Amino acid sequence: MKAKLGIFISGRGSNMLAILEACRSGALADCAVVEFVFSNKCEAAGLRKAEALGVSTFCIDNEGLKRKSHEKKLLEVLERKDFDLIILAGYMRVISADFVRLFPKKIINIHPADTKVHQGLGAYDWAWKERLIETKLTVHFVEEGLDTGEIIHQEIVNLQGADSLEEVERRGLAVEHVFYSEAIKKVINGKEFKALSGK
Ligand code: GAR
């Protein structure tokens with residue numbers, strides 16, 4: 001039985017595409033399948049890319065909606081979906097504690113910095129401004145609180161000699177695209193996932 005992934009995005013969706021590719025013919029091919037892609041931004045480029053690859057998508061734009069009503073609408077759709085894990089891949093909307101409590105250890109996020117040092121938006125910007133010689137990408141379970149939660153895996157990106165923000169981001173994303181799928185695989189194969197799958 002393969003784990004069913006629901007991927008949440010807000011923008012271009014390069015991590016989503018890497019995970020989709022990993023499910024179809026890469027690191028996740030034997031253990032996971034992308035069930036749907038959701039976005040809180042209906043104009044997200046990632047949605048169009050997922051559709052073009054034959055993936056089921058839906059969006060509920062959060063524009064003008066309070067967090068509670070947006071999540072209520074989202075939960076109404078999720079109730080009709082079959083999934084084992086929610087994968088946040090550049091999902092730029094804070095998830096409420098109430099929502100998180102409904103899916104304990106079922107929501108995973110990637111943050112392009114060490115979550116013990118940096119949380120929130122602009123992690124590559126921060127790494128560039130601080131002239132870091134390396135940054136530590138983090139995949140973690142989503143718990144209540146912004147970019148906190150049990151760390152699943154961290155990976156160092158070498159930033160030595162990077163001479164622009166674009167270069168910092170390019171190096172970071174290249175690592176994200178490989179290591180997020182590996183971290184998801186670790187969760188699927190680990191005891192955390194086995195404990196959840198008896199739903
Ligand atoms: C990625 O760098 C991801 O790590 C980051 O947003 C980018 C989304 O790119 N996420 C966060 O900053 C979460 N706090 P993508 O849409 O091309 O995957």
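Ligands are counted one by one from 1 in listed order, and the atoms in each one are counted from 1 as well. Everything numeric here is computed off the predicted structure, so don't read it as measured data.
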* **Atoms in ligand 1 with a heavy atom of Gly120 nearer than 4.0 Å** => 14 (N)
* Are the charged groups of Glu182 and Lys185 less than 4.0 angstrom apart, N to O? -> no
* Asked: Thinking salt bridges, do Glu166 and Arg170 make one under a 4.0 Å N-O criterion?
  -> no
* Asked: Backbone, side chain, both or neither: what part of Leu173 comes under 4.0 angstrom of ligand 1, heavy atoms only?
  -> side chain
* Asked: Between Arg93 and Asn62, is there a donor-acceptor pair closer than 3.5 Å when you use the side chain of the first and the backbone of the second?
  -> no
* What part of Glu176, side chain from CB on, backbone N/CA/C/O, both or neither, has a heavy atom under 4.0 Å from ligand 1? -> side chain
* **Which of the ligand 1 atoms, numbered from 1, are nearer than 4.0 Å to a heavy atom of Asp147** => 14 (N)
* Asked: Counting from 1, what ligand 1 atoms have a heavy atom of Tyr124 closer than 4.0 Å?
  -> 2 (O)
* Out of Gly122, Gly46, Pro112, whose heavy atom is nearest to atom 11 (C) of ligand 1? -> Pro112
* Heavy-atom proximity to atom 16 (O) of ligand 1, best of Gly13, Gly90, Ala18 -> Gly13
* Asked: So which of Met92, Arg12, His111 gets nearest to atom 10 (N) of ligand 1, if we judge by its closest heavy atom?
  -> Met92
* To do: Could you tell me whether Leu88 approaches ligand 1 through its side chain, its backbone, both or neither, with non-hydrogen atoms closer than 4.0 Å?
  => neither
* To do: Go through ligand 1 atom by atom and flag the ones less than 4.0 Å from a non-hydrogen atom of Ile110.
  => 4 (O), 10 (N), 13 (C)
* To do: Ignoring hydrogens and angles, tell me if any N or O in the side chain of Lys2 forms a donor-acceptor pair with the backbone of Ala29 under 3.5 Å.
  => yes
* Please answer whether the main-chain N or O of Val157 pairs with a side-chain N or O of Thr135 as donor and acceptor at a distance below 3.5 Å. => no
* To do: Would you tell me whether Asp147 and His111 have side-chain atoms, one donor and one acceptor, within less than 3.5 Å of each other?
  => yes
* Asked: Is the Phe36 ring parallel, tilted or perpendicular to the Phe83 ring (thresholds 30°, 60°)?
  -> perpendicular
* Asked: Hey, is the main chain of Glu134 close enough, under 3.5 Å, to the side chain of Asn158 for a donor-acceptor pair?
  -> no
* Where's the contact between Tyr91 and ligand 1, heavy-atom distance under 4.0 Å: side chain, backbone, both or neither? -> neither
